[in-house]
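Chain letters run A, B, ... following the sequence lines, proteins first and then strands; every chain starts at 1. As the structure is a prediction and not an experimental result, all values here were calculated from the model.
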Amino acid sequence: MRYQKPKGTADILPGESQKWQFIEDTARMLFADYRYQEIRTPMFESYEVFSRTSGDTSDIVTKEMYDFKDKGDRHITLRPEGTAGVVRAFIENKLYGPEHQKPVKVFYMGPMFRYERPQSGRQRQFNQIGVEAFGSDSPSLDAEVIAMALDLLNHFGISDLKVALNTLGDTESRDAYRKALIDYLEPHFDELSDDSKQRLHKNPLRVLDSKDANDQKLVADAPRILDYLTPTSQEHFDKVKTLLDSLGIKYEVDTEIVRGLDYYNHTIFEIMANSKALGSGYTTICAGGRYNGLVEELGGPEVSGIGFGLGLERLLLLMESEGVQFPDLNQLDAYVVGIGDDTDVASLQVVQALRADGFSVDRDYLDRKPKAQFKSADKLGAEYTLTIGDQELADHTIHVKQMQTGKEETIPVDDVKNDFGKVIDKHFN
RNA sequence: GCGGUAUUGGUGAAGUGGUUAACACAUCGGUUUGUGGAUCCGACACGCGUGGGUUCGAUUCCCACAUACCGCCCCA
């Protein structure tokens with residue numbers, strides 16, 4: 001085997017690609033209902049776009065970015081996530097301008113890149129669907145975004161879901177909490193795991209997220225962000241919860257969810273699914289939150305934002321393990337069997353006439369015998385098989401067989417070419 | 001970046017330091033030179049991930065590399 005795909009990438013082959021189409025089509029439909037419009041931004045950006053927004057100490061920036069110098073000596077990064085590029089585009093194209101309805105609601109779907117060790121559902125090039133909404137501080141928007149994420153997952157046939165909710169408050173809340181957390185953890189420094197020792201000063205919130213059992217014990221008694229919220233932040237969070245209640249959306253406030261990226265504040269959430277496909281217990285499938293201040297961070301005006309991202313490779317694993325039925329978008333209406341070299345032209349004409357009429361039609365291209373052609377028709381699941389031989393050629397007819405019932409009729413070929421639908425109605429319904 | 005397991009045809013796989021690398025499915029052909037889902041017969045690895053080494057001889061032993069999967073880290 002001479003060439004292999006790069007580590008951590010995947011070929012999505014025919015058959016498999018249909019599942020992706022289903023997911024993408026479903027998402028597009030739903031986003032249209034919520035009035036989110038598609039935005040397509042480059043797959044690579046200046047390094048700074050991500051280092052600025054994700055946080056210099058975040059794992060993404062420090063070790064997972066695919067970055068390189070291009071021939072013009074520009075420091076380029078293949079996007080590791082969707083938000084930063086969208087925010088950059090939002091600013092660069094001045095979508096904050098008065099001529100745009102607020103909030104500006106956009107979605108994207110496409111590949112992201114992270115340089116890390118591949119595992120099931122985790123690749124170096126992976127795909128995400130995400131949404132971003134700019135220009136409203138309203139808790140209703142927080143609630144709507146969460147509701148939409150759930151709605152989307154339900155449309156994908158995933159039901160056993162849990163919403164974990166938390167708030168990081170505004171800058172003031174977060175700074176106060178950060179300080180309190182450090183004060184609490186400092187005396188226990190020696191007991192912390194090595195990783196958490198690292199995190200303590202760089203990003204103490206991440207200690208909360210530690211998987212280390214001992215860390216978790218310590219963290220259990222740590223101060224909680226909820227006790228450090230400013231009145232405004234508290235009010236915002238309360239409102240979000242009330243709104244979710246009013247929609248009948250169940251959630252659990254989990255003060256230990258933090259998110260890997262530095263730009264979040266106020267509401268953050270993770271939607272988790274309970275499936276063995278992604279490991280034991282509940283695993284995060286979709287995550288997002290508010291990022292007021294991110295637009296400014298990238299040089300834009302003071303505009304708030306909120307969004308979520310959804311990993312499609314994981315989603316697919318989940319859907320497959322849940323036994324979700326993917327619709328067959330590739331139904332074959334008719335297969336044309338030509339018998340003998342002389343029928344080649346007539347076969348082509350019939351095939352093209354039916355296709356022009358909107359039918360999905362295939363034929364034999366290998367000069368195979370009738371039996372083999374019928375076998376193909378059967379294998380491909382053709383609803384009808386149309387046979388043309390010397391007899392039909394002479395009579396200007398075509399032989400139509402309904403595969404499921406085995407019913408056969410000989411019909412003038414022009415009728416079939418002009419209106420195959422009518423022929424079906426008349427002879428087979 | 002660290003640790004573990006694996007890598008045989010289109011697919012699932014068996015197997016051995018030494019003449020022809022099982023078996024099954026799929027595919028193709030024949031049985032039926034104009035008809036599907038059945039039966040029977042036949043064909044189908046210039047070759048056992050790549051590169052080295054050990055050996056009289058390696059797909060089988062050793063080393064390196066690549067990739068996949070699992071765990072850690074982190075996360076989608």
Side-chain angles (χ1 to χ4, degrees), chain A residues 1-11 13 54 57-65 79-83 109-130 149 193-196 198-199 203 206 209-212 257-261 270-273 278-280 283-288 308-318 335-340 342-343 364 366-393 398-408 410:
Chain A
M1 218 176 304
R2 206 51 207 268
Y3 297 107
Q4 295 175 292
K5 60 189 178 314
K7 189 185 184 109
T9 61
D11 297 315
L13 305 175
S54 300
T57 63
S58 68
D59 282 289
I60 287 188
V61 171
T62 54
K63 56 179 213 192
E64 292 177 4
M65 292 214 302
R79 61 181 188 193
E81 54 96 30
T83 302
M109 46 183 77
M112 307 291 163
F113 306 84
R114 286 184 201 174
Y115 191 88
E116 65 176 345
R117 196 72 172 263
Q119 277 172 47
S120 160
R122 296 171 61 175
Q123 298 165 187
R124 290 186 169 184
Q125 176 175 335
F126 60 101
N127 289 275
Q128 276 190 332
I129 291 180
S193 67
D194 290 344
D195 287 320
S196 289
Q198 296 276 328
R199 295 179 186 123
N203 191 347
R206 294 222 56 82
D209 220 14
S210 176
K211 305 288 184 297
D212 185 87
I257 65 169
V258 185
R259 311 280 37 255
L261 305 171
E270 298 189 358
I271 298 177
M272 310 200 220
L278 301 174
S280 51
T283 320
T284 303
I285 173 88
C286 173
F308 68 73
L310 171 73
L312 297 192
E313 280 76 8
R314 286 192 156 193
L315 175 69
L316 266 166
L317 285 176
L318 197 63
Y335 189 95
V336 175
V337 172
I339 301 166
D342 299 340
T343 61
D364 172 72
L366 303 173
D367 292 325
R368 285 142 74 221
K369 305 205 309 192
K371 174 170 170 106
Q373 295 189 46
F374 265 85
K375 220 167 174 172
S376 291
D378 181 51
K379 188 132 285 175
L380 296 170
E383 209 164 333
Y384 295 90
T385 301
L386 314 184
T387 308
I388 304 173
D390 291 339
Q391 191 61 51
E392 286 80 4
L393 231 38
I398 190 163
H399 195 74
V400 181
K401 176 172 183 175
Q402 187 174 42
M403 294 302 270
Q404 202 149 53
T405 60
K407 184 176 178 187
E408 304 182 54
T410 298

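Judged by atom type and distance alone, A:Lys379 does not reach the base of B:G37 through any side-chain donor-acceptor pair under 3.5 Å. Between the side chain of A:Arg314 and the base of B:C75 there is at least one donor-acceptor pair of N/O atoms closer than 3.5 Å. At a cut-off of 3.5 angstrom, the base of B:G34 holds at least one donor-acceptor pair with the side chain of A:Glu392.
Within the structure, a side-chain polar atom (N or O) of A:Arg368 is placed less than 4.0 Å from OP1 or OP2 of B:C28. Taking 4.0 angstrom as the limit, A:Lys369 places a side-chain polar atom (N or O) nearer than this to OP1 or OP2 of B:G30.
For A:His399, the listed nucleotide lying nearest its side chain is B:U35; candidates were B:A76, B:C72, B:U35. Of the candidates B:A66, B:U35, B:A76, B:A76 carries the atom nearest the A:Thr284 side chain, counting heavy atoms from C-beta on. With distances taken from any side-chain atom of A:Gln119 to the nucleotides B:A76, B:C70, B:G34, the minimum falls on B:C70. The side chain of A:Met403 has B:G36 as its nearest neighbour among B:G36, B:A76, B:G3. When each of B:G34, B:A66, B:A76 is scored by its nearest atom to the side-chain atoms of A:Gln4, the top-ranked nucleotide is B:A66.
With P as the reference atom, B:A76 and B:C62 are 41 Å apart, rounded to whole Å. A distance of about 15 Å separates the C1' atoms of B:C69 and B:G49, rounded to the whole Å. Across the C1' atoms, B:U20 and B:U59 are found 16 Å apart, a figure rounded to whole Å. Between B:C2 and B:A58, the distance separating the two C1' atoms is 32 Å to the nearest Å. Here, B:G29 and B:G37 have their P atoms 13 Å apart, quoted to the whole Å. Nucleotides B:G10 and B:G1 have their C1' atoms positioned 37 Å apart, rounded to a whole Å. Using atom C1' as the reference point in both B:G15 and B:A21, the two lie 7 Å apart (nearest Å). Between B:G42 and B:G4, the two P atoms lie 48 Å apart (nearest whole Å).
Within 4.0 Å (heavy atoms only), A:Gly8 reaches sugar-phosphate atoms of the nucleic acid but no base atom. Within 4.0 Å (heavy atoms only), A:Gly406 reaches at least one base atom of the nucleic acid. As judged by a 4.0 angstrom heavy-atom cut-off over every strand, A:Gln128 is placed among residues touching the sugar-phosphate backbone only.
Inspection of the A:Ser376 and A:Arg368 side chains reveals an N or O donor paired with an N or O acceptor under 3.5 Å.
Atom pair A:Asp378:CG and B:G34:P shows a separation of 19 Å (rounding to whole Å applied). For A:Ile339 and B:U35, the CD1 to P distance is 8 Å, given to the nearest whole Å. Rounded to whole angstrom, the span from the CD atom of A:Gln373 across to the C1' atom of B:G34 amounts to 10 Å. Distance A:Leu366 CG to B:U27 P: 14 Å, rounded to the nearest Å. When rounded to the nearest whole Å, the span between CZ of A:Phe374 and P of B:G37 equals 11 Å. Separating the CD atom of A:Glu116 from the C1' atom of B:C72 is a distance of 13 Å, rounded to the nearest angstrom. Counting to the nearest Å, the P atom of B:G1 and the CZ atom of A:Arg124 are 7 Å from each other. Computed from coordinates, the A:Glu408 CD to B:G34 P distance equals 15 Å when rounded to whole Å.
Each of A:Lys7 and A:Ser376 has a nearest nucleotide on RNA chain B; the 5'-most of these lies closest to A:Ser376. Residue order along RNA chain B, read from the 5' end via each residue's closest nucleotide, puts A:Thr405 first among A:Thr405 and A:Gly311.
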What dot-bracket string describes RNA chain B from 5' to 3', counting Watson-Crick and G-U wobble pairs whose defining distances are under 3.5 Å, with [ ] for crossing pairs and | for pairs to another strand? (((((((..(((.....[....))).((((.........)))).....(((((..]....))))))))))))....
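A:Arg122 pairs by the salt bridge (Lys or Arg N to Asp or Glu O under 4.0 Å) definition with A:Glu116, not counting sequence neighbours.
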List, one per line, each side-chain donor-acceptor pair under 3.5 Å for residues 379-390 of chain A, sequence neighbours excluded.
unit_1   : atom_1 : unit_2   : atom_2 : d
A:Tyr384 : OH     : A:Gln402 : NE2    : 3.2

